[in-house]
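Single-structure report; data block below.
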Amino acid sequence: MKSLVLLLFVAGASARVFERCQWARLLKASGMDGYRGVSLANWVCLTKHESNFNTSSVNHNRDKSTDYGIFQINSRWWCNDTQTPTANGCSIPCSALLTDNVDTAINCAKRVVRDPSGIAAWVAWRKYCKGQDVSSYIQGCGL
Ligand SMILES: *[C@@H]1O[C@H](CO)[C@@H](O)[C@H](O)[C@H]1NC(C)=O
Ligand SMILES: *[C@@H]1O[C@H](CO)[C@@H](O)[C@H](O)[C@H]1NC(C)=O
């Protein structure tokens, strides 16, 4: 099982850092603009401050859980990293959130925002985007 986990990480090792407008276009094409009432600019603001648009971002939390990928999705609630006891709400290995194919991460972010706390589940959104004029995050993208 250890080798399987290692394999998953190696297979998903190709990281990707998006350019702002490229990421905004991809989010829009994935149906994120207005998803659960969250505007495209808010999604771009959230991911800017969570990961700097870097799919290989990994950050450890004080409660021993870990946040993965461009949306910094948490291993206690949404994915399984075999380290944290998890509800695995997105039914995925956390490593799937680190690949250059962001479809899994976007689908999981949609699942997260469908929860009652919605977009406020993301600390960086509360800290840097909530109540702010976030229009600059999609400015010049032609969207
Ligand atoms: C993306 O994140 C990875 C993992 O933290 C890091 O090694 C890499 O340097 C980052 N890339 C950029 C362009 O910041
Ligand atoms: C997480 O993955 C491990 C290894 O595949 C598995 O043994 C475990 O049951 C999984 N946990 C959950 C909650 O899905």
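We're numbering straight along the sequence, starting at 1.
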Please confirm whether the backbone N or O of T84 pairs with a side-chain atom of D81, one donor and one acceptor, at under 3.5 Å?
yes
Those residues at least two apart in sequence (or on a different chain) that pass side chain to side chain donor-acceptor pair (under 3.5 Å) with S39 are N42
Does any part of the side chain of L27, heavy atoms only, come nearer than 4.5 Å to the side chain of D33, both counted from C-beta?
no
Between the side chains of S65 and D63, does any donor sit under 3.5 Å from an acceptor?
yes
dist N61:CG -> S75:OG (nearest 0.5 Å) comes out at 7.5 Å
Say whether F71 and L26 are linked into one hydrophobic cluster, either directly or through other cluster members, by side-chain heavy-atom distances under 4.5 angstrom.
yes
For the backbone of A120 and the side chain of R126, can you confirm whether one donor and one acceptor N or O come within less than 3.5 Å of each other?
yes
Have S117 and D115 got a donor and an acceptor in their side chains that come within less than 3.5 Å?
no
Those residues at least two apart in sequence (or on a different chain) that pass side chain to side chain contact (heavy atoms under 4.5 Å, CB included) with K110 are M32, Y35, I106, N107, R114
Rounded to the nearest 0.5 Å, how far apart are CZ of R76 and OG1 of T86?
8.5 Å
Hydrogens and angles aside, do S51 and S57 bring a side-chain donor and acceptor to less than 3.5 Å of each other?
no
Qualifying residues under salt bridge (charged side-chain N to carboxylate O under 4.0 Å, His left out), relative to R25, sequence neighbours excluded
none
State, with a plain yes or no, whether a side-chain heavy atom of E50 is found less than 4.5 Å away from one of N52.
no
Pairs touching residues 38-69 that satisfy disulfide (SG to SG under 2.5 Å), sequence neighbours left out:
C45-C129
What distance separates R111 CZ from I73 CD1, expressed to the nearest 0.5 Å?
11.0 Å
Do the side chains of W78 and N88 get nearer than 4.5 Å, heavy atoms only?
no
Does the side chain of T55 reach to within under 4.5 Å of the side chain of T99, using non-hydrogen atoms?
no
May I ask you to test the V102-F18 pair for a side-chain heavy-atom distance under 4.5 Å?
yes
For N80, the side chain to side chain donor-acceptor pair (under 3.5 Å) test, sequence neighbours excluded, returns none
Disulfide (SG to SG under 2.5 Å) pairs, two or more places apart, involving residues 52-87
C79-C94
I want to check something: taking the side chain as every heavy atom from C-beta on, are Q72 and H49 in contact at a cut-off of under 4.5 Å?
no
So, for A24 and L40, which heavy atoms are closest and what is the spacing to 0.1 Å?
O-CD1, 3.6 Å
Distance-only polar pair, side chains of D67 and N59, donor-acceptor under 3.5 Å
no
A41 and V134: which non-hydrogen atoms are nearest, and at how many Å?
CB-O, 3.4 Å
Considering all heavy atoms, the nearest A105-L97 contact
CA-CD2, 3.6 Å
Single-linkage hydrophobic cluster L143~V44, side-chain heavy atoms < 4.5 angstrom:
yes
Report the distance from atom CD of Q139 to atom SG of C141, rounding to the nearest 0.5 Å.
9.0 Å
Are L46 and Y128 grouped together when hydrophobic residues (ILVMFWY) are joined by side-chain heavy atoms under 4.5 angstrom apart?
no
Looking only at atom types and distance, does a side-chain atom of R20 sit under 3.5 Å from a main-chain N or O of Y137, one as donor and one as acceptor?
yes
Measure the CD1-OH distance between I92 and Y68 for me, rounded to the nearest 0.5 Å.
11.0 Å
What class does the angle between the rings of F53 and W23 fall in, given that below 30° is parallel, 30 to 60° is tilted and above 60° is perpendicular?
tilted
Give, for atom OG1 of T66 and atom CG of N74, the distance between the pair rounded to the nearest 0.5 Å.
8.0 Å
Evaluate W122 against W43 for ring-ring contact (aromatic ring centres under 6.0 Å, His included), listing each step before the verdict.
CA-CA 10 Å; W122 279 278; W43 285 115; 5.7 Å; yes
